[in-house]
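Whatever order the structure lists ligands and atoms in, that order sets their numbers, starting from 1. Note that the structure is a prediction, hence the values are computed from the model and not measured.
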Amino acid sequence: MLLAEAGNPPMLKVFTMRVLLTTTSYQDTPGDHHALLESQGYEIHRERGPLPESKMLELAGQFDAFLCGDDEITTAVLDKAQPRLRVISKYGIGLDKINVEECTARKLPVLFTPGVNHTTVAEHTFCLLLALVRNLVDSANSVRAGQWKRVTGNEIWNKKIGIVGLGRIGQEVAKRAIAFGMEVHGMDIYWPEAFAKENHVTRHETIESLIAAVDVLSLHANLSESTKHLVRADRIALAKPGLLVVNTSRAELVHMPDMIAALDAGTIGGYGTDVLDEEPPPADHALLKHPKALITPHIGSRTYESVPRQAMRATLNLVNYLKGEKDVIQANKF
Ligand SMILES: NC(=O)C1=CN([C@@H]2O[C@H](COP(=O)(O)OP(=O)(O)OC[C@H]3O[C@@H](n4cnc5c(N)ncnc54)[C@H](O)[C@@H]3O)[C@@H](O)[C@H]2O)C=CC1
Ligand SMILES: O=C(O)C(=O)COP(=O)(O)O
């Protein structure tokens, strides 16, 4: 006899979608994204990312979707995660920790969140730059320590800034640089003609030409084979003495031993960076205590305005994709 005939409802196996959520700013910042994600009936497993490959390997295979940040998603992780894994929703822009090529080959969508954190990151770029030129951290610390260290700094007005990567963030940096009275130079493999014309940005075809022309170099290109170690000794050698470098993109755009040698020699006057090759860094990381380095812990996009926008976009991407709806921003096409 069928169970239903005995007055019981038919036994249906309910399939619960399992989602791995790793991004800490998403979890720690209030916003409507929490309610949206929680209302979907998914089973959500929370971790404090970014997770290394070893931890991802431990977890992979149990989830239908990743809602992730800069966690290491390698071929080995994908091998373990599939066939169950159906989608990766990256909270953020930089996809360098995900093997996107491999995802594409597997027709696994990688969703991301362009256009929601560019103003916040541009503001942080100027936090780093202004803090560098006015010795902000040292002088403020001196006051706390009972000293009154009136250190002489520099203006950025009338100085030349070179922007590597005139994409979303780079363009916002350019606009702010103009407002500060800086002369803007730039370089991009896809030159934004209309923006550059309207904002009088001087175009450089090569990093060598750009680095030689400017007082400040600000890095905003995505990390790829073509941008890895873009800033290295032979190019630093072309710079004006005391060049300042600001990096809110990815650490690997800079060759670290060459940067440290240039800071020691004074060829580079200061390095303000929001990103490191190891995050969090080991206690003996060569840059940590360098007097000419100013490091923030990858907070470029972490504001109460930007995080909910980014989190909402990442959640909408995930939810809409799983429902088969169109409002989804996909990084890889197949
Ligand atoms: N510190 C932080 O919290 C954050 C860091 N980021 C980083 O900033 C990067 C840029 O973000 P968006 O401006 O939104 O990306 P985007 O894609 O709008 O801009 C990147 C630009 O770099 C250019 N580019 C690529 N290769 C180049 C090369 N070899 N030489 C010169 N230009 C090159 C591209 O053509 C593009 O215009 C992200 O990839 C990410 O790594 C993004 C958000 C937050
Ligand atoms: O958007 C990106 O690529 C970022 O680097 C932002 O990092 P976060 O989302 O703050 O961990």
Side-chain angles (χ1 to χ4, degrees), residues 21-29 33 48-51 67-71 89-98 100 110-128 162-175 185-193 195-196 201 203-211 217-231 235 246-254 272-277 279-280 295-315 329 331:
L21 171 62
T22 59
T23 59
T24 52
S25 55
Y26 183 111
Q27 296 178 63
D28 298 345
T29 313
H33 53 285
R48 307 289 296 173
L51 304 180
L67 181 42
C68 64
D70 286 327
D71 314 289
S89 178
K90 165 54 167 82
Y91 166 89
I93 299 292
L95 301 172
D96 43 283
K97 293 281 190 220
I98 303 174
V100 179
V110 179
L111 317 177
F112 73 145
T113 67
V116 287
N117 62 18
H118 50 311
T119 47
T120 275
V121 180
E123 287 182 9
H124 191 66
T125 304
F126 278 92
C127 283
L128 287 170
I163 299 177
V164 179
L166 269 169
R168 284 171 288 255
I169 298 170
Q171 291 187 19
E172 291 300 321
V173 169
K175 288 193 247 171
H185 294 241
M187 176 209 153
D188 198 305
I189 45 170
Y190 297 106
W191 185 247
E193 194 58 54
F195 175 87
V201 182
R203 181 177 189 174
H204 291 258
E205 299 283 350
T206 62
I207 184 71
E208 284 81 3
S209 152
L210 183 70
I211 218 168
L217 190 74
S218 197
L219 306 177
H220 303 288
N222 51 296
L223 175 61
S224 68
E225 279 311 310
S226 80
T227 58
K228 191 173 174 190
H229 298 164
L230 206 62
V231 179
R235 289 158 178 173
V246 176
N247 188 357
T248 56
S249 181
R250 288 291 182 266
E252 294 80 358
L253 266 68
V254 173
T273 185
D274 189 42
V275 282
L276 287 177
D277 42 4
E279 296 180 5
I295 309 167
T296 51
H298 206 143
I299 53 165
S301 74
R302 299 207 173 190
T303 59
Y304 285 108
E305 292 80 12
S306 166
V307 170
R309 286 196 299 261
Q310 199 173 316
M312 189 48 113
R313 186 63 258 174
T315 311
I329 306 180

Examine the proximity of ligand 1 to I189 and report which part, side chain or backbone, both or neither, has a heavy atom under 4.0 Å away. both

Taking ring pair (Phe, Tyr, Trp, His ring centres under 6.0 Å) as the definition, give me every residue that meets it alongside H185, ordered by chain and number, with sequence neighbours left out. H204

If you measure only the distance, is there a donor-acceptor pair under 3.5 Å linking the side chains of S301 and S306? no

For ligand 1, is there an atom lying under 4.0 Å from some heavy atom of M187? yes

Near Y91, which atoms of ligand 2 are under 4.0 Å from a heavy atom of that residue? 9 (O)

Those atoms of ligand 2 less than 4.0 Å from some heavy atom in N117: 1 (O)

Pairing donors with acceptors under 3.5 angstrom, does anything connect the side chains of T120 and T303? yes

In terms of atom number and element, which parts of ligand 2 are under 4.0 angstrom from non-hydrogen atoms of H298? 4 (C), 5 (O), 6 (C), 7 (O)

Counting only heavy atoms closer than 4.0 Å, does ligand 1 sit against the backbone of V121, its side chain, both, or neither? side chain

Identify, by atom number and element, the atoms of ligand 1 in contact range of S301, meaning under 4.0 Å from any of its heavy atoms. 3 (O), 44 (C)

With a 4.0 Å cut-off on heavy atoms, is G69 touching ligand 2? no

Distance-only N or O hit between ligand 1 and D188, under 3.5 Å: yes

Looking only at heavy atoms of S249, does any of them come nearer than 4.0 Å to an atom of ligand 1? yes

For I93, the atoms of ligand 2 under 4.0 Å from one of its heavy atoms are 1 (O), 2 (C), 3 (O)

L223 touching ligand 1 at heavy-atom level, < 4.0 angstrom: no

Mind checking what makes salt bridge (charged side-chain N to carboxylate O under 4.0 Å, His left out) contact with R302, not counting sequence neighbours? none

Output yes when the distance from some N or O of ligand 2 to some N or O of G92 is under 3.5 Å, and no in every other case. no

For ligand 1, which part of N117 has a heavy atom less than 4.0 Å away: the side chain, the backbone, both, or neither? side chain

Atoms in ligand 1 flagged as close to T248, the criterion being non-hydrogen separation under 4.0 Å: 1 (N), 2 (C), 4 (C), 5 (C), 6 (N), 7 (C)

Report, in ascending order of atom number, the atoms of ligand 1 lying under 4.0 Å from any heavy atom of Y190. 35 (O)

Out of R168, Q310, H298, indicate the one that has the non-hydrogen atom closest to atom 15 (O) of ligand 1. R168

Under 4.0 Å to a heavy atom of S226 - the qualifying atoms of ligand 1, by number: 26 (N), 29 (N)

If the cut-off is 4.0 Å to any non-hydrogen atom of T227, which atoms of ligand 1 fall inside it? 26 (N), 27 (C), 28 (C), 29 (N)

Is the closest N or O pair between S25 and ligand 2 shorter than 3.5 Å? no

